[in-house]
A.B. asks: 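Let me give you the structure first, and then I'll get to my questions.
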Amino acid sequence: MDTSCLFPPSAPTLFKPSLRHLTKQLLLEDIQHSNDGHCSVEDAMACMKLAKKKLREGRDCLIQWSNLTNRTLISELAGKKKRVAVVDKTSVVKLFGQEATEKLCVPGDAEAVQGVLQLAEKVDFAFVQMHAVEQCLKTSYEAGALREVLDRVDEQAAMIVRGCPAGSVVFVVCGSSCINEVKKYQKDKGNRKQSERLKELIDVARHGTVRVFMV
């Protein structure tokens, strides 16, 4: 059961509530604290309790989405005293890196790769974002140009995987929506047609892929 479907957002958002967040906010219970990973029995019991609560209370059973969307992965990790690095262009570092242990502003993807590899030994979690595809889509939709950029980004991701310390887990996350168009429609949420288009774009973005590498 995907419990997040029981508590849809009041407006288009890229976030959805985790089982742990729902359990904490609605049941006032803490789960998923084991260092050995999730307990399937504990998760199943929490799902059943949430479903029953929703059936009993109906529309009155809501979560505070403002509390959820104000928390980022960086915030969550920093709150757990983890050492976090954010390597990106200046605007992104200023927006998401306030609670990071290490912050590195870089002008491009090549420098971002070098930066994250330099910091990998010093932190528990490092975030780096490639912008070449985004920049390519701003100027050209030619298949050949995009293919060349994707090949370069693929090689840079491989460099990060090969250069990480032994025992690392590397997540390569690939979206399936154009972030520039998402940003465009986010500026005017009051317009009904634009809000509907934004929701469509976010639904598309959620169908991206994630590749996991154990180093």
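Note that the structure is a prediction, hence the values are computed from the model and not measured. The first residue in the sequence is number 1, and the count goes up from there.
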A.B. asks: About how many Å separate CG of L117 and CZ of R162, when rounded to the nearest 0.5 Å?
C.D. replies: 10.0 Å
A.B. asks: For C61 versus K54, what's the shortest heavy-atom pair and its separation?
C.D. replies: O-NZ, 3.1 Å
A.B. asks: Before you tell me yes or no, could you show the steps for Q129 and V173 under side-chain contact (heavy atoms from CB on, under 4.5 Å), namely the whole-Å CA-CA distance, both residues' side-chain angles and the distance that decides it to 0.1 Å?
C.D. replies: CA-CA 9 Å; Q129 185 173 199; V173 183; over 6 Å; no
A.B. asks: Under 3.5 Å, is there a donor-acceptor pair between the side chain of E42 and the main chain of Q32?
C.D. replies: yes
A.B. asks: Is there side-chain contact between V113 and V128, with at least one heavy-atom pair below 4.5 Å?
C.D. replies: no
A.B. asks: CG/L50 to CG/L6 distance, rounded to the nearest 0.5 angstrom?
C.D. replies: 7.5 Å
A.B. asks: I'd like to know if the side chain of K103 and the backbone of A100 have a donor-acceptor N/O pair within less than 3.5 Å.
C.D. replies: yes
A.B. asks: Return the NZ to CG distance between K53 and L22, rounded to the nearest 0.5 Å.
C.D. replies: 11.5 Å
A.B. asks: Is the shortest side-chain heavy-atom distance between V133 and L150 below 4.5 Å?
C.D. replies: yes
A.B. asks: Just wondering, do C39 and D43 contact through their side chains at under 4.5 Å, heavy atoms?
C.D. replies: no
A.B. asks: Before giving the answer on side-chain contact (heavy atoms from CB on, under 4.5 Å), spell out for I160 and V116 the whole-Å C-alpha distance, their side-chain angles and the decisive distance to 0.1 Å.
C.D. replies: CA-CA 8 Å; I160 293 175; V116 77; 4.0 Å; yes
A.B. asks: Please determine if K49 and E29 form a salt bridge, counting it only when a charged side-chain N lies under 4.0 Å from a carboxylate O.
C.D. replies: yes
A.B. asks: Please tell me whether I74 and V123 are part of a single hydrophobic cluster in this structure, the criterion being side-chain heavy atoms less than 4.5 Å apart.
C.D. replies: no
A.B. asks: Any idea which heavy atoms bring Q156 and A110 closest together, and the distance?
C.D. replies: NE2-N, 3.8 Å
A.B. asks: Would a 4.5 Å heavy-atom cut-off, applied to side chains only, mark I31 and K24 as touching?
C.D. replies: no
A.B. asks: Rounded to the nearest 0.5 Å, what's the gap from OG1 on T101 to CG on L77? Could you check?
C.D. replies: 9.5 Å
A.B. asks: Within a reach of under 6.0 Å around CD of E111, are more than 12 heavy atoms found that belong to other residues, nucleotides or ligands?
C.D. replies: yes
A.B. asks: Rounded to the nearest 0.5 Å, what separation is found between the OG atom of S18 and the CD atom of Q25?
C.D. replies: 10.5 Å
A.B. asks: Under a 4.5 Å cut-off applied to non-hydrogen side-chain atoms, are M159 and Q114 in contact?
C.D. replies: yes
A.B. asks: Checking the side chain of T23 only, and the main-chain atoms of L19 only, is there a donor and an acceptor separated by less than 3.5 Å?
C.D. replies: yes
A.B. asks: Can you name the closest pair of heavy atoms from V84 and A78 and give their distance?
C.D. replies: CG2-N, 4.4 Å
A.B. asks: Do K82 and E99 sit within salt-bridge range, that is, some charged N less than 4.0 Å from a carboxylate O?
C.D. replies: no
A.B. asks: Are the side chain of K89 and the backbone N or O of C105 linked by a donor-acceptor pair below 3.5 Å?
C.D. replies: no
A.B. asks: Would a 4.5 Å heavy-atom cut-off, applied to side chains only, mark L104 and V93 as touching?
C.D. replies: no
A.B. asks: Any carboxylate oxygen within less than 4.0 angstrom of a Lys/Arg side-chain nitrogen, looking at E76 and K80?
C.D. replies: no
A.B. asks: Quick one: does any side-chain atom of R83 pair with a main-chain N or O of F125 as donor and acceptor, under 3.5 Å?
C.D. replies: no
A.B. asks: Heavy atoms, side chains only, cut-off 4.5 Å: are V106 and D88 in contact?
C.D. replies: no
A.B. asks: Give the C-alpha distance, both sets of side-chain angles, the deciding distance and a yes or no for side-chain contact (heavy atoms from CB on, under 4.5 Å) between L73 and F96.
C.D. replies: CA-CA 9 Å; L73 177 59; F96 296 108; over 6 Å; no
A.B. asks: Is any side-chain heavy atom of D109 less than 4.5 Å from a side-chain heavy atom of H131?
C.D. replies: yes
